[in-house]
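What you are looking at is a predicted structure, and each value in this text was computed from that prediction instead of being measured.
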Amino acid sequence: MRPLRAFHSAVAMYTWLPVRKHDWADRDFPDGLVALPWLGMVLGVAAGLLGWGSAVASGSWFLGALMAVGAVAYATGAMHLDGTADVADALGSRKPAEQARAIMKQSDIGPMGVVSLLVVLLLEVACLGVAPPGAWPLLMAFGMAAGRVVPLAATLPGRGEEPVPGTLSSLVAGKIGETGLWASRGAVLVTGGAVTWWLLGWLAAACWSGVVVTAWVFSTCWQRHLLRRLGRLNGDCYGSLIELTQLAVWLGIALTVKLIGVA
């Protein structure tokens with residue numbers, strides 16, 4: 001039952017949900033990372049349904065969108081939002097790589113981090129507001145799954161965090177490989193595209209699959225920029241990559257809703 005254990009590991013490591021912790025084995029860490037996109041898909045569906053229900057009950061899409069985005073933030077312990085803010089502070093400092101990485105480790109959040117959090121959260125709520133609430137579970141699941149594929153690329157040798165003994169990086173670096181990355185990308189794209197086709201038709205499936213691929217291209221460019229600027233990646237960089245890729249998918253979908261006639 002390795003897939004179930006991998007999903008359990010992902011829930012235990014990357015959410016605040018109350019699950020029983022098991023005795024950790026070395027393989028649980030890379031397996032949990034591989035299961036992370038599927039965890040994102042499940043959380044996206046659950047949060048989207050909560051937002052949809054809130055919007056229908058209250059008659060306010062704004063309240064529903066806030067409920068959906070807030071549910072994701074609380075379920076994940078806002079770890080990806082925290083990483084986004086820390087990376088913004090590090091880059092905004094214009095300090096050399098070593099000093100910038102030290103800024104990310106500080107517990108406080110500077111003005112660049114605060115502004116980045118506000119912009120990201122406002123954009124996420126606004127993106128949901130453009131789409132009909134009935135489409136939120138699909139939209140959120142597709143975006144959250146696509147965003148959580150990105151850390152697999154960051155674990156490839158020479159592209160991510162240095163494998164420091166005693167840290168998560170030493171347990172996942174180089175353990176998944178190109179094959180695992182492309183398999184996860186393909187599985188998310190096929191699953192999300194098939195469900196979109198079933199619910200909304202082939203035009204939406206083709207358009208939104210293209211949005212996901214474009215978001216992955218953006219994440220690759222962002223990862224390379226972080227590596228050039230910071231010298232290596234850390235957990236905050238992973239959080240930034242996840243959150244911004246997820247936002248890129250939601251934004252792309254929001255910009256194409258009227259184009260493909262989703263109502």
Side-chain angles (χ1 to χ4, degrees), residues 10 13-14 26 29-30 32-34 36-37 40 73 76-124 143-144 146-178 180-182 184-185 213-249 251:
M13 286 189 287
Y14 302 112
D26 286 349
F29 298 95
L33 205 57
V34 171
L36 186 56
T76 59
M79 63 176 69
H80 309 313
L81 289 168
D82 177 68
T84 301
D86 288 340
V87 168
D89 280 334
L91 297 180
S93 71
R94 300 186 180 181
K95 300 287 186 181
E98 186 174 351
Q99 295 179 40
R101 292 197 303 269
I103 289 173
M104 285 194 288
K105 295 179 180 179
Q106 297 175 2
S107 59
D108 59 332
I109 299 179
M112 284 293 291
V114 171
V115 171
S116 296
L117 280 180
L118 287 174
V119 170
V120 167
L121 289 170
L122 286 172
L123 281 175
E124 289 181 346
M144 290 178 64
R148 283 156 178 77
V149 171
V150 174
L152 300 180
T155 66
L156 297 176
R159 300 192 195 177
E161 185 178 8
E162 291 184 356
V164 179
T167 67
L168 181 61
S169 61
S170 65
L171 298 168
V172 300
K175 299 291 180 64
I176 298 165
E178 293 276 2
L181 168 63
W182 284 102
S184 292
R185 282 174 173 171
V213 172
T214 302
W216 283 336
V217 172
F218 158 75
S219 72
T220 299
C221 296
W222 183 239
Q223 180 176 318
R224 289 178 178 175
H225 173 69
L226 292 178
L227 280 171
R228 284 195 302 267
R229 180 65 181 81
L230 300 173
R232 62 176 184 268
L233 305 182
N234 60 17
D236 287 328
C237 295
Y238 288 7
S240 173
L241 285 164
I242 289 172
E243 195 70 34
L244 295 185
T245 304
Q246 170 184 297
L247 174 59
V249 174
L251 184 59

### Summary
d(Phe218 CZ, Leu251 CG) to nearest 0.5 Å is 10.0 Å
### Message
Give me the atom names and distance for the closest heavy-atom approach of Ala90 to Ser93.
### Response
O-OG, 2.6 Å
### Task
Work out which heavy atom in Ala215 is nearest to a heavy atom in Val249; give both atom names and the distance.
CB-CG2, 3.5 Å
### Message
Applying side chain to side chain contact (heavy atoms under 4.5 Å, CB included) to Trp216 and Thr245, what does each step give before you reach the verdict?
### Response
CA-CA 7 Å; Trp216 283 336; Thr245 304; 4.1 Å; yes
Identify each donor-acceptor pair in which a side-chain atom of residues 100-121 lies under 3.5 Å from a protein atom, sequence neighbours left out, and give them as a table.
residue : atom : partner : partner atom : Å
Arg101  : NH1  : Leu230  : O            : 2.5
Ser116  : OG   : Met112  : O            : 2.8

### Message
My understanding is that only residues two or more places apart in sequence, or in another chain, count here; which of them pass side chain to side chain contact (heavy atoms under 4.5 Å, CB included) with Thr220?
### Response
Arg185, Arg224
### Summary
Smallest heavy-atom separation, Leu33 atom then Pro151 atom, equals CD1-CB, 4.1 Å
### Query
Considering all heavy atoms of both residues, which atom of Thr84 and which atom of Gly239 are nearest to each other, and what is their separation?
OG1-O, 3.9 Å
### Query
What residues form a side chain to side chain donor-acceptor pair (under 3.5 Å) with Trp222, not counting sequence neighbours?
Ser240
## Note on the structure
Taken to the nearest 0.5 Å, the spacing of Glu243 CD from Glu124 CD works out to 4.5 Å
### Task
Working to the nearest 0.5 Å, report the span between OG of Ser184 and CG of Leu36.
9.5 Å
### Query
Between the side chain of Arg148 and the main-chain N/O of Met144, is any donor-acceptor distance below 3.5 Å?
yes
### Query
Between atom CZ of Arg94 and atom CZ of Arg229, what is the distance when rounded to the nearest 0.5 Å?
9.5 Å
#### Entry: Approximate separation, where rounding is to 0.5 Å, of Asp82 CG and Asp236 CG
6.0 Å
